[in-house]
Amino acid sequence: MQRQPLIILTGPTAVGKTALSIGLAKALNGEIISADSMQVYRHMDIGTAKIKPEQMQGIRHYLIDELEPSIEFNVATFQSKCRQYMKEIYSRSKIPILVGGTGFYIQSVLYSVDFSQTETDNLYRKELADFAKHKGNEALHARLMEIDKKSADAIHPNNVKRVIRALEYYKQTGHKISEHNEEQHKKESDYQFRYYVLSLPREILYERINRRVDLMKEEGLTKEVKSLLEMGCTRDMVSMQGLGYKEIIDALEGRDTLDHAYERIKQETRHFAKRQFTWFRRERDVTWLEKEKFADEEALLRYCINDCKEYLKIEK
RNA sequence: GGCGACUUAGCCAAGUGGUAAGGCACGGGACUGCAACUCCCUGAUCACCGGUUCAAAUCCGAUAGUCGCCU
């Protein structure tokens, strides 16, 4: 079977993915699926730097504004929705372009990671979390050691979240997650793809981040968060753990000052960008697009279009 | 001009004679159902010069810088 074409455009936050994505979609008859864990949520526009309808220029976008903030979103649901949309896009003879900074989500689709069969077991998760809280992280980790030494060796005891998932996986499937991961890791992609990572020198990117946060403040991020709280959102929701939201909530609920909250957002966004670099650096088969090496956005776009045509044999 | 205080890694900061805590930042890394999450790793010889002492960031003196007060 001929593998289907897939374009991925990612990179650290604030690097300028959105602008490029529209140009690509227009030139290559593409439609955009957002690979962003926060932009799926409605009412969260400013803090997620979400693309505005008028910026879309008629290009169809998926997985943007699809969920209420109270709904939990995760890789597995992302994957299934994304696949479904890709199918639709292919059926119209168009090309899906995955755009967004959540590397984990991209990976799940690109390598068709298997998430089937299990439901999240919140009760069990909570039980394990409590266990760790009372008996200590090491004690929980010891439990993992008993059933899956390989995972235990790979996961640091303090990384409680991952230890819990490994234990949950075993309870649900009776298999070791380390074995599962190993298998998944060997997979080749089912797609004929180009995986672009847009980048900029660190200092420039950090300046852009700082400026962007200042802009969010001016545009009324505080107000946006206020109205989310009025809608009934609480800090423990997945959506409210997004950068810019948890910090402002802290300020609004009196645990921090507003000025300090905005400083924290800048700082944490920089940290986030750094983590994204780490992620993309170790992904295999990625094509780095160092923005500063192109004369301008126009040149960058032209390069991308030609590169896609060459590798994906797209005619249009 | 005089008097006093201070001077420890990029920043904050313990340590007051026995051989440099910690936090933050920066940098690096992990990550396969919460991922804008969660987690891990990483740095100095203590302003400078001289002295006392077996031993000094820690005591003494000089120099420089910073801050405060006074004339």
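Letters A, B, ... mirror the listed sequences (proteins, then strands); counts begin at 1. Only a predicted model underlies this, so the values are computations on that prediction, with no experimental measurement involved.
- Using a 4.0 Å heavy-atom criterion, one finds that Gly47(A) contacts the bases of the nucleic acid, with or without backbone contacts as well.
- Base-pairing analysis of RNA chain B finds the following stems of at least three consecutive Watson-Crick or G-U pairs, with both pairing distances under 3.5 Å: B:1-7 with B:64-70, B:10-12 with B:22-24, B:27-30 with B:38-41, B:49-51 with B:59-61.
- Residue contacts shown for Phe73(A) are limited to sugar-phosphate atoms, with no base heavy atom under 4.0 Å away.
- Comparing rA36(B), rC26(B), rU38(B) by their nearest atom to the side chain of Thr102(A) picks out rA36(B).
- Within the 4.0 angstrom heavy-atom criterion, only backbone atoms of the sugar-phosphate kind lie near Tyr105(A); the bases stay farther away.
- When heavy atoms are screened at a 4.0 angstrom cut-off, His141(A) is found touching no nucleic acid atom at all.
- A close approach under 4.0 Å does occur between a side-chain nitrogen or oxygen of Arg202(A) and OP1 or OP2 of rG27(B).
- Nucleotides rU42(B) and rG22(B) are separated by 10 Å at their P atoms, to the nearest Å.
- Among the atoms of the strands shown, only primed sugar atoms or phosphate atoms (P, OP1, OP2) are found under 4.0 Å from some heavy atom of Gln267(A).
- Heavy atoms of Lys246(A) sit under 4.0 angstrom from primed sugar atoms or phosphate atoms, though from no base atom.
- Residue pairs that meet the ring pair (Phe, Tyr, Trp, His ring centres under 6.0 Å) test with at least one member in residues 85-114 of chain A, sequence neighbours left out, are Tyr62(A)-Tyr85(A), Phe73(A)-Tyr105(A), Phe78(A)-Tyr105(A).
- Within the 4.0 angstrom heavy-atom criterion, base atoms lie near Arg125(A).
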Inset, instruction - Take Asp36(A) and Ser34(A) through the test side-chain hydrogen bond (donor to acceptor under 3.5 Å, both in side chains) and record every step on the way to the result. - result: CA-CA 6 Å; Asp36(A) 187 297; Ser34(A) 164; 5.2 Å; no

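- Neither OP1 nor OP2 of rG33(B) sits under 4.0 Å from any side-chain N or O of Gln172(A).
- Nucleotides rA62(B) and rA5(B) are separated by 13 Å at their P atoms, to the nearest Å.
- Where Ser37(A) and Ala154(A) each meet RNA chain B at their nearest nucleotide, the meeting point lying more 5' is that of Ala154(A).
- Comparing atom distances between the Thr48(A) side chain and each of rC39(B), rC34(B), rA36(B) picks out rA36(B) as nearest.
- Across the P atoms, rA47(B) and rC12(B) are found 14 Å apart, a figure rounded to whole Å.
- In this structure, the CZ atom of Phe280(A) is 13 Å from the P atom of rA30(B), given to the nearest Å.
- A donor-acceptor contact under 3.5 Å links the side chain of Asp36(A) to the base of rA36(B).
- Judged purely by distance below 3.5 Å, without hydrogens or angles, the side chains of Lys187(A) and Gln184(A) pair a donor atom with an acceptor atom.
- If you check every strand for non-hydrogen atoms under 4.0 Å, Val113(A) touches a base.
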